[in-house]
> 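Take a look at this one; I'll ask things after.
The first residue of the sequence shown is numbered 1, and numbering continues consecutively from there. Computation of the quantities below employed the complete heavy-atom set of this structure, encompassing side-chain atoms and omitting hydrogens, waters and symmetry-equivalent molecules. Predicted, not measured: the structure shown is a model, and the values here were computed from it.
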Amino acid sequence: QVHLVESGGGLVQAGGSLRLSCVGSGSTLSNYAMGWFRQAPGKERELVAAITWDGSITYYADDVEARFTISRDDAKNTLYLLMNSLKSEATAVYYCNADPDWVRLRYGSRPTAEINYWGQGTQVTVSS
């Protein structure tokens, strides 16, 4: 069982930066692929960035790749998302996800018996 808690969201001016954190408890995150999703009002949830269990592969959505950095610190059982040069389009609730199935996390749902975990979300608002 994994409990995830996101933090670091808030109000930031366009062009500014935020670092989101996702702290796991109950179990180590070291065997999970991790990802950041976001959902803006009226839009579908989308994958922003993802990282494999060992950090060997990262993924970024096309519109954030040059500006966002996903990382993990297994010693702290924490996932991070550094967001630079923020645009108003980044305004959304950001959710942390831990998934033992990289394919499901990276590419979307598929049949699996493996359980994944979600945090409660943290609001990011970028003013223009």
> Of the non-hydrogen atoms in A33 and W102, which two are nearest, and what is the gap between them?
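Looking at all heavy atoms of both residues, the shortest contact is CB-CE3, 3.7 Å.
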> Under a 4.5 Å side-chain heavy-atom rule over Ile, Leu, Val, Met, Phe, Trp and Tyr, are Y59 and I57 clustered together?
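Result: yes, single cluster for both.
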> Any chance you could measure Y107, atom OH, to L47, atom CG, to the nearest 0.5 Å?
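It is 10.5 Å, given to the nearest 0.5 Å.
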> Residues in salt bridge (charged side-chain N to carboxylate O under 4.0 Å, His left out) with D54, at least two apart?
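Salt bridge (charged side-chain N to carboxylate O under 4.0 Å, His left out) check on D54 returns nothing, list empty.
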> Supply the atom-to-atom distance M34 CE to T78 OG1, rounded to the nearest 0.5 angstrom.
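Going from the CE atom of M34 to the OG1 atom of T78 covers 9.0 Å.
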> Starting from W53, walk the hydrophobic network (Ile, Leu, Val, Met, Phe, Trp, Tyr; side-chain heavy atoms closer than 4.5 Å) and list everyone else you reach, by chain and number.
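Listed partners: none, W53 stands alone.
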> Who are the side-chain contact (heavy atoms from CB on, under 4.5 Å) partners of D101, not counting sequence neighbours?
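Testing D101 for side-chain contact (heavy atoms from CB on, under 4.5 Å), a comparison that skips the adjacent residues, returns D99, V103, R104, R110, T112, E114.
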> Show every disulfide (SG to SG under 2.5 Å) that has at least one partner inside residues 68-128, sequence neighbours left out.
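Sorted result for residues 68-128: C22-C96.
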> Who pairs with Q123 by side-chain contact (heavy atoms from CB on, under 4.5 Å), at least two apart in sequence or on another chain?
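With neighbours one apart ignored, the set is T91, V93, T125.
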> Do you reckon V23 sits in the same ILVMFWY cluster as W118, going by side-chain contacts under 4.5 Å, direct or chained?
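No; W118 is not reachable from V23 via cluster members.
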> Measuring only between side-chain heavy atoms, which start at C-beta, is L29 closer than 4.5 Å to L4?
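The answer is yes; the side chains approach within 4.5 Å.
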> Can you name the side-chain contact (heavy atoms from CB on, under 4.5 Å) partners of T28, sequence neighbours left out?
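Per chain and number, T28 pairs via side-chain contact (heavy atoms from CB on, under 4.5 Å) with S30, N77.
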> What are the two closest heavy atoms between A14 and S128, and how far apart are they?
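Looks like CB-CA, 4.4 Å.
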> L82: which other cluster members, linking ILVMFWY side chains closer than 4.5 Å, directly or transitively?
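Its cluster partners, ordered by chain and number, are none at all.
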> Going by the rule side chain to side chain donor-acceptor pair (under 3.5 Å), which residues pair with S127 if we only count those two or more places apart in sequence or in a different chain?
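Residues passing side chain to side chain donor-acceptor pair (under 3.5 Å) with S127: none at all.
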> Is the side chain of R72 donor-acceptor paired with the backbone N or O of T52 at a distance under 3.5 Å, no angle test?
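Present.
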> Determine, stepwise, if the pair V48 / I70 fulfils side-chain contact (heavy atoms from CB on, under 4.5 Å).
CA-CA 9 Å; V48 178; I70 189 170; over 6 Å; no
> Is there a path of hydrophobic side-chain contacts, each under 4.5 Å between heavy atoms of I, L, V, M, F, W or Y residues, that connects Y117 with L105?
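Shared cluster, no.
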> Same hydrophobic cluster for Y32 and I115, using side-chain heavy-atom links shorter than 4.5 Å among ILVMFWY?
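Yes, Y32 connects to I115 through the hydrophobic network.
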> Please step through side-chain contact (heavy atoms from CB on, under 4.5 Å) for the pair L18 and L86, ending with a clear verdict.
CA-CA 8 Å; L18 285 174; L86 282 165; 4.2 Å; yes
> Count I, L, V, M, F, W, Y as connected when their side-chain heavy atoms are under 4.5 Å apart, and connections chain through other members. Are V126 and L81 then in the same cluster?
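In one cluster: yes.
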> What do the steps show when you test L20 against V124 for side-chain contact (heavy atoms from CB on, under 4.5 Å), and what is the final call?
CA-CA 9 Å; L20 306 183; V124 172; 4.0 Å; yes
> Does any pair with a residue in residues 5-17 pass side chain to side chain donor-acceptor pair (under 3.5 Å), and if so which ones, sequence neighbours excluded?
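Every side chain to side chain donor-acceptor pair (under 3.5 Å) pair that includes a residue of residues 5-17, provided the two are not neighbours, is E6-Q120, S17-N84.
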> Going by the rule salt bridge (charged side-chain N to carboxylate O under 4.0 Å, His left out), which residues pair with D73 if we only count those two or more places apart in sequence or in a different chain?
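So D73 forms no salt bridge (charged side-chain N to carboxylate O under 4.0 Å, His left out) with any residue.
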> Mind checking ring pair (Phe, Tyr, Trp, His ring centres under 6.0 Å) for Y60 and listing every partner two or more places apart, or none if nothing turns up?
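So Y60 forms no ring pair (Phe, Tyr, Trp, His ring centres under 6.0 Å) with any residue.
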> State which residues pass salt bridge (charged side-chain N to carboxylate O under 4.0 Å, His left out) with R38; sequence neighbours excluded, sorted by chain then number.
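E46, D63.
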> Kindly indicate, with the supporting measurements, whether the criterion side-chain contact (heavy atoms from CB on, under 4.5 Å) is fulfilled by F68 and W36.
CA-CA 11 Å; F68 289 15; W36 288 99; over 6 Å; no
